[in-house]
Every structure is written in C-alpha cells, then in structure tokens.
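Below you'll find the structure, written out as structure tokens, and then a few comments.
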Amino acid sequence: MQKSDTKNLLIFFFSTLTYALCQMLFSIIIMKEDLWKNFHIQLFAHYIVIFTMCLADYGLLLLLNRYLPYSKNTLFRILAGLTGLVVICLVLLGIFNFLIYNVLLIPKDGLPSFSVKFAFGMAANIPILLVFELIYYFQSEQKAIADSEKAKRKALLFQHETLRAQINPHFLFNSLNVLSSLIYINTDNANKFTKALSKTYRYVLSLNLHPLISVEEELNALDSYIFLMKMRFENSFTFTVNKKPEYEKNSIIPLTLQLLIENVFKHNMATEEMPLNIHITINSKHIEVENNIQPASSIEKGGIGLQYLTEQYKLYSKDIIVEHTSQLFIVKIPYIQ
C-alpha cells in the first residue's frame, strides 16, 4: 500500500510539474516574454497555480459524483461542472491577485489584465477536470468489471448453497416419510406428491440456467413446494397469494420465495389449533412475504436464511426490507431490473 501511494504521489508530482511547464511556455509564447528571465520563479508560480487547481478540481469532482452523478442528469452534471470551474477560477484569481498586489506588493504595470488571467485560468483548468473525469471513469469501469466477476462467483456459490439447502437430509427425510405414508393411505396423493417433489428438485437443479427469473415463474415453481408442505402439515397452515399480473414480469433471484417460506416453517410452529398464516402480496416495487409469529421451541439449523438472501440482493444494489412486530414478520423483496 505504501509503495502504491508513493508511486501515485510521484506520478501526480511529475504530471503537474510537466503541465505547469507547458502552461508557462504557452503563456510566454502568447505574451512574447523572455523564456529564461526568472525561469525558476515563473515555473514555481505556475506550479502553485496548477497544484491548487488540481486540489480544487478534485474536490469539485467528489462533490459532483456524490450529489449530481451522470446517472441522474448528464446535462445538469456538465453545466454544474462548468459552473464549478468558473467559480474555482474566480476564487483562485481573487486570492492570487490579493497575494501578488497586496502582500508581495508587485506593481500591476506590464502584468496581464484580470480577463486575460481568467481566460488562461479556464484554459488551464478545463483539461485538469477532464483528466480527473477520465481517471474516475476508467476506475469505475475497472470496479464494475471486478464487481461483475465477484457477482459471478457469488452466483455460483448461491447455486451451490441453495442446492445444498434444498437437498437437505431433514427436508428429504420428511418428504420421504410423507410419501411412504401416502402410498398406503392415498395412492393418488402419493403420485401427486412424487411429481411435486420431482418438479421442486428439477427447478432447483435448473438454477444455473437462470441467474434471474420472473415473479410469475417463481410463483409457478412455488406451487409444487406448497403442495409438499400441504401434504406434510395438512391444515396446520394457510397460504394465500395476492397476484397482480402487471407486476409478475419483474425479475427476482430464483428460489427467493421458497427459501423465505422455508424459513417461516423453520422458525415457527404450525398446528391445527394455532395455524401458521403465510401471505404473499405482489406490489409495484416489492413482493411482500408476511406471516404471523409463533416461535418454534426448537429451530432447525442449516439452510441459507434471510441473511444470505440479503447478500445476494446487495450484489444487484438492492436492499431487502424486514419489518418485525410482536405479531407479524414481513419481508419485502425488491425487483431487479
């Protein structure tokens, strides 16, 4: 880290020194002055101006990136940048004029007018901000590529973890127990149960083909999982979905709803006397998964859980909202564009 900082400082120093030298030569040519007359003083003065402009422009860039990024409004961003450059030049010229004329007491005779200085200042300042903008752009591109690679690795991990969570001994053991009972009691339901179980695992195994999936497809896949839970818990829970077709084309991460409902069963008890009520609402901005709170005496360990889903959505710069009251637990899932 220290070597990198030293390297960056050296690059900054020699870049600003070279630019100050170029600006000095340019002004000497325009003003038709002697190149070697007070060469070191002129170079030092130009370097101080360029160095100060760099600091001011960097501060301007940070301010604009924070409050008015290009993603909000490109035209306003450009106009704000130009306005900032004008303000910086006027302020620096005022400060330098005060130091030259009032502190150092240098006479004004032979020196360029304020308007000429302002023109030189803008001509020197605009390239500095453009260079900072380009550096920021390339750094953003590199960060986006790195984040993309990180997201791919996370997606692979997500597929592995979701598969491991679903093909879990407890879930499989409970499903096979229900199936073995149904074979003797109701062969039709046993057949339906087998198909639902097969469909559920087929959906899980197909996740590598779908980094994102529509709400409609997720709800269709969820039907099989809910059927399995109905066969297992019978009348111990209710499940309702408030569907709105106009929002079901939006995308979410696969298995989101199934994992959330799995968490509901894992953390709550469900009996016919105290049924667990699960309700899904499709809104314009979120999918809400709501359940009444009936804490289970022993919570099954394992599974991905809400925290892992939260991390997955953060990869897409989305935040899961959790509302926890004394009676209800609500999770709001944002759509991914």
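Here the structure is a predicted model, which means the values were calculated and not measured.
A continuous path of ILVMFWY side-chain contacts below 4.5 Å connects V87 to I50, so both sit in one hydrophobic cluster. Note on L99: it clusters hydrophobically with V91, by side-chain heavy-atom contacts below 4.5 Å among ILVMFWY residues. Two different hydrophobic clusters hold L79 and L61 under the rule that ILVMFWY side chains link at heavy-atom gaps under 4.5 Å. Placement of M53 and L63 in two distinct hydrophobic clusters is found when ILVMFWY residues are connected by side-chain heavy-atom separations under 4.5 Å, directly or transitively. When the side chains of ILVMFWY residues are joined at heavy-atom separations under 4.5 Å, either directly or via intervening members, V322 and I252 end up in a single hydrophobic cluster.
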Inset, instruction - Test side-chain hydrogen bond (donor to acceptor under 3.5 Å, both in side chains) on Y136 and E141 and set out the steps. - result: CA-CA 9 Å; Y136 175 77; E141 285 292 305; over 6 Å; no
Legend entry - CA sep, side-chain torsions, deciding dist, call: L309, L255, side chain to side chain contact (heavy atoms under 4.5 Å, CB included): CA-CA 10 Å; L309 281 176; L255 276 180; over 6 Å; no
Inset, instruction - Give the C-alpha distance, both sets of side-chain angles, the deciding distance and a yes or no for side chain to side chain contact (heavy atoms under 4.5 Å, CB included) between I321 and V331. - result: CA-CA 6 Å; I321 301 172; V331 181; over 6 Å; no
Inset, instruction - Using the side chain to side chain contact (heavy atoms under 4.5 Å, CB included) rule, take V49 and L92 through it: C-alpha gap first, then chi angles, then the decisive distance, then the call. - result: CA-CA 8 Å; V49 172; L92 292 182; 5.8 Å; no
Legend entry - Test log, rule side chain to side chain contact (heavy atoms under 4.5 Å, CB included), inputs L257 and L219: CA-CA 8 Å; L257 298 180; L219 289 174; 3.6 Å; yes
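I128 is listed as a side-chain neighbour of N125, based on a closest heavy-atom distance under 4.5 Å. In this structure, the side chains of R232 and L228 stay at 4.5 Å or more apart for every pair of heavy atoms. Within the 4.5 Å cutoff, the side chain of N268 has no heavy atoms near those of the F329 side chain. Annotation: side chain of N292 is in contact with side chain of Q294 (closest heavy-atom distance under 4.5 Å). Side-chain contact between M269 and L276 is absent, with no heavy atoms from C-beta onward closer than 4.5 Å. At least one side-chain heavy atom of I261 sits less than 4.5 Å from a side-chain heavy atom of I226. You'll find the side chain of T281 stays beyond 4.5 Å of the side chain of I287, heavy atoms only. Between E133 and R77, some side-chain heavy-atom pair lies under the 4.5 Å cut-off.
Residues in residues 325-337 take part in these salt bridge (Lys or Arg N to Asp or Glu O under 4.0 Å) pairs, two or more places apart or across chains: E288-K332, E323-K332.
Remark: side-chain polar atoms of Y313 are not paired, donor with acceptor, to backbone N or O of I333 under 3.5 angstrom. Formation of a donor-acceptor pair under 3.5 Å by the N283 side chain with backbone atoms of K285 is not found in this model. Not one N or O on the side chain of Y19 forms a donor-acceptor pair closer than 3.5 Å with the backbone of F14.
With rounding to the nearest 0.5 Å, the separation of CD in E216 from CG in N220 is 5.5 Å. A distance of 11.0 Å separates OG1 in T83 from CZ in F76, rounded to the nearest 0.5 Å. Within the model, atoms CZ of F120 and SG of C89 stand 12.5 Å from one another, a figure rounded to the nearest 0.5 Å. Within the model, atoms CG of L64 and CD1 of I78 stand 11.0 Å from one another, a figure rounded to the nearest 0.5 Å. Rounded to the nearest 0.5 Å, atoms CD1 (I336) and CD1 (I213) are 12.0 Å apart. The structure places CG of N263 at 7.5 Å from CG of L259, a figure rounded to the nearest 0.5 Å.
The two atoms that bring I48 and T52 nearest to each other are O-OG1, 2.7 Å, heavy atoms only. Between N291 and V264 the shortest heavy-atom distance is OD1-CG2, 3.5 Å. Here the closest heavy-atom approach between residue G81 and residue L129 is recorded as O-CD2, 4.1 Å. Contact between K318 and Y335 at its shortest, heavy atoms only, is CE-O, 3.2 Å. Here the closest heavy-atom approach between residue A296 and residue K266 is recorded as CB-O, 4.3 Å. The heavy-atom pair separating Y47 from L17 by the smallest distance is CE1-N, 3.5 Å.
K249 and E217 are not joined by a salt bridge, as no carboxylate oxygen comes within less than 4.0 angstrom of a charged side-chain nitrogen.
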Donor-acceptor pairs under 3.5 angstrom involving side-chain atoms of residues 234-245: please list them, not counting sequence neighbours.
{"unit_1": "S236", "atom_1": "OG", "unit_2": "F233", "atom_2": "O", "d": "2.9"}
{"unit_1": "T238", "atom_1": "OG1", "unit_2": "N277", "atom_2": "OD1", "d": "2.7"}
{"unit_1": "T240", "atom_1": "OG1", "unit_2": "H279", "atom_2": "ND1", "d": "2.4"}

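Partners of E290 by salt bridge (Lys or Arg N to Asp or Glu O under 4.0 Å), not counting sequence neighbours: none found.
Sparse packing is recorded around CD of Q327, with 12 or fewer heavy atoms of other residues, nucleotides or ligands lying under 6.0 Å away.
Shown are L60, L62, L55; of these, the side-chain contact (heavy atoms from CB on, under 4.5 Å) with Y58 is made only by L62.
No side-chain N or O of S284 forms a donor-acceptor pair with one of Y247 less than 3.5 Å apart.
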